[in-house]
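Here the structure comes first, spelled out in C-alpha cells, and everything after it is commentary.
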There are 2 protein chains.
Amino acid sequence: MTALVSAAVEMPAGKPYALLALANDGGIGMDLEMLRQHVPMHRCKHAAGQGIYHAGQPFQAIYLVHAGSYKTCELAEDGREQVTGFRMRGDLIGVESIGLKTYSCDVIALEDSEAWELPYPAVLRACLHVPDVQARITEALAAEVRNGRSWMLMFGTLAAERRVAAFLLEVAARYARLGYSARHFILRMSRIDMASFLALKHETVSRALSRLDDLNYINVQRREVRVLDVDGLRSMAGVAVN
Amino acid sequence: MTALVSAAVEMPAGKPYALLALANDGGIGMDLEMLRQHVPMHRCKHAAGQGIYHAGQPFQAIYLVHAGSYKTCELAEDGREQVTGFRMRGDLIGVESIGLKTYSCDVIALEDSEAWELPYPAVLRACLHVPDVQARITEALAAEVRNGRSWMLMFGTLAAERRVAAFLLEVAARYARLGYSARHFILRMSRIDMASFLALKHETVSRALSRLDDLNYINVQRREVRVLDVDGLRSMAGVAVN
DNA sequence: CGAGGGATTGAAGAGTGTCAAAGAGAGTGG
DNA sequence: CCACTCTCTTTGACACTCTTCAATCCCTCG
C-alpha cells in the first residue's frame, strides 16, 4: 500500500528542468544552462530536519530547490516561531535576505532533499553578463511579495476549514505545475507545520481535514490526500468554481 | 484642541528628503536627484478615499509617497477584501506588480495625499545608467518580503491585544524614522482598516485599544494616540524590552 | 518488538465574532 | 452660524469558533 502510494506520487527528481520558478506565482523563465556558465552551482543534500541555513548566519548564497521540500521559518526574540512557506523543486530560497549581512530566517528540509547553492557574488556578476538574470530575480521577488499578500488575504478573511481548503488547492496546483497529480498527493509537512503556516493549532487542522473528508471533498489518511470534489473545495476556499 | 494636536503631529511635507525608503525595513539610500535626472517624476495628488491605481489596470509606473498616507488592498474574486499594508512618505508603491501586465492590488489614499509617479520604462532605463538603482529596487523588494513575513509571525503567534500593541509600536517606529514623535501621533486609518490589516474585527481592535488605555500603556482618544509605557507595549508585543 | 513522535478525537473553556445601541465628530446645506 | 446627517467609534450581551487539555491510536524507526 505504502509502496503503491509512493510510486504514484514520487517525484522524478532526475528529470531536467529549464524553468526557474518561484513560490506560487507561476514559472519564471530563465535559461538554466546559460546561468550555469557564470554561476558555479554546488549540490547540497539535506536530511529531513536539517537546515540549509539559519537566521543570523552570514548571507552568502541563494539556493534553488532541486528535489524534496523545505519549510521557511520566522523566529521571534522571545522564541515564538512561525512557518512562513513551503518550497519545492524549482523554488528559489534565500532571496528574502538579499541586501542583508545575515539570513533573516531558517530554512529546514521536510524530507531528504537537495538544493543547488548559487553563491550570491557570482549571481551578481551573472546579472551583468547574462541578459535578464537581474530582471528575473526582480520579478521573482515581486511575485513573492504578491504571494505573501494573497496569503494575508486568506488569513484575514477565511475561517479555519476554508483556510485548510485553500491550502490544499494551493498544494495541488503546485504539484500540477510540476507535472504531478493534483488529485492525489502526499503532504510533505506535519500537521504542526501546516497549522503554524495557517495560523491555526494542529488539532484544528486535523479536525478541518476530517470534516473535508466527511463532506467527501477529499479523502485523507494521515499525509495522503485524494481530492474528490475540486469544485467543493474551491467554493469553500472562496475561489470561483468556473 | 484639535488645532493643537495637528500642530504637534503634522508632517512637514515640504521638507526635502534624500532617502528612498520602503515599508518598515529601514531606509534604502538612493540619490533622489540623480534618479530624477533619468526618470521624469509627475506629482499626483489624491483626495482621501481616492485610488492611485486599482487591480486590473495596466501596470505603467511605480510611485513614491511624498505626503499623506495610503493603504494597499488585496481583493478576492468573491468580494473578500484585505488591507495588506499602509504606506507613508518615502515608501515605494507598485513594486509588487513588477513583471505583470496589470496591477495586482488597489492603493487608496487615507487622507489628502501626494505621490510621485515614476514611469516604469524610465525606471528600467535608469537602472542601466544610474549605478545601484537596480540593486536598490531588488533590496527594497527583498525587504518587503521580509516585512510581510514578520507580519505573518505576528498574525500566527499573537492574540488580538498583543497584535494591536505590536501594530502601535510599528507605527510609532515609522513616525520616528520620519522624524516625528513616536510618543504622540495620529492614526491615519480607520478602525476598520486597522482591523482588516490585523485580521480582526473593528470592535475587537476598539476593545484592545481601550484595554491598553486601561493598563496605562497608552492614552487613546479616537485616532489620537499617546504612548505612556513603551516597555509595557513591547513586552506585550513579544519584543525584548531592552 | 518496544519506544516515540505524529495524528485523531472528545470535552470544556477562553477569546473573538456578531448583533445591537448609543455617543462623538466631521461635513453639509439651509 | 447652526441644525442635521452620516460615518466612525465605543461598549454591552450573547453566540460560536477555535484553543486547550487529555486520552487514544497509528505508524515509523531503532
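Keep in mind the model is a prediction, meaning the values are calculated, not measured. Each chain gets a letter, A, B and so on, in the order its sequence line appears, and its residues count up from 1.
We find that CG of L200(B) is positioned 18 Å from P of dT17(D), with the value rounded to whole Å. One can place CZ of R222(B) at 14 Å from C1' of dT11(D), the figure rounded to the nearest angstrom. The CZ-C1' distance, from R223(B) to dT10(D), rounds to 14 Å in whole Å. Separating the CE atom of M194(A) from the P atom of dT8(C) is a distance of 9 Å, rounded to the nearest angstrom. Computed from coordinates, the R191(A) CZ to dT19(D) P distance equals 15 Å when rounded to whole Å. Residue E161(A) contributes atom CD, which lies 9 Å from atom P of dT17(D) at whole-angstrom precision. In this structure, D112(B) places its CG atom 10 Å from P of dG27(C), rounding to the nearest Å. Remark: P of dT9(C) and CG of L212(A) are 13 Å apart, rounded to the nearest angstrom.
Within the 4.0 Å cut-off from OP1 or OP2 of dG5(C), not a single side-chain nitrogen or oxygen of S190(A) is found.
Of the charged side-chain nitrogens involved, none lies within less than 4.0 Å of a carboxylate oxygen, so that K71(B) and E81(B) do not count as a salt-bridged pair. Salt-bridge check for D214(B) with R211(B): failed, with every basic side-chain N at 4.0 Å or more from each acidic carboxylate O. Under a 4.0 Å N-O distance rule, the pair E224(B)/R226(B) qualifies as a salt bridge.
Under the 6.0 Å cut-off for aromatic ring centres, Y70(A) and Y63(A) do not qualify, their centroids lying 6.0 Å or more apart.
Considering SG of C73(A) and CG of L153(B), their distance stands at 10.5 Å, rounded to 0.5 Å. Atom CE of M154(B) and atom CD of Q82(A) lie 10.5 Å apart (nearest 0.5 Å).
Listed by residue number, K201(B), E203(B), T204(B), R207(B) are the residues of residues 201-209 of chain B with a heavy-atom contact under 4.0 Å to DNA chain C.
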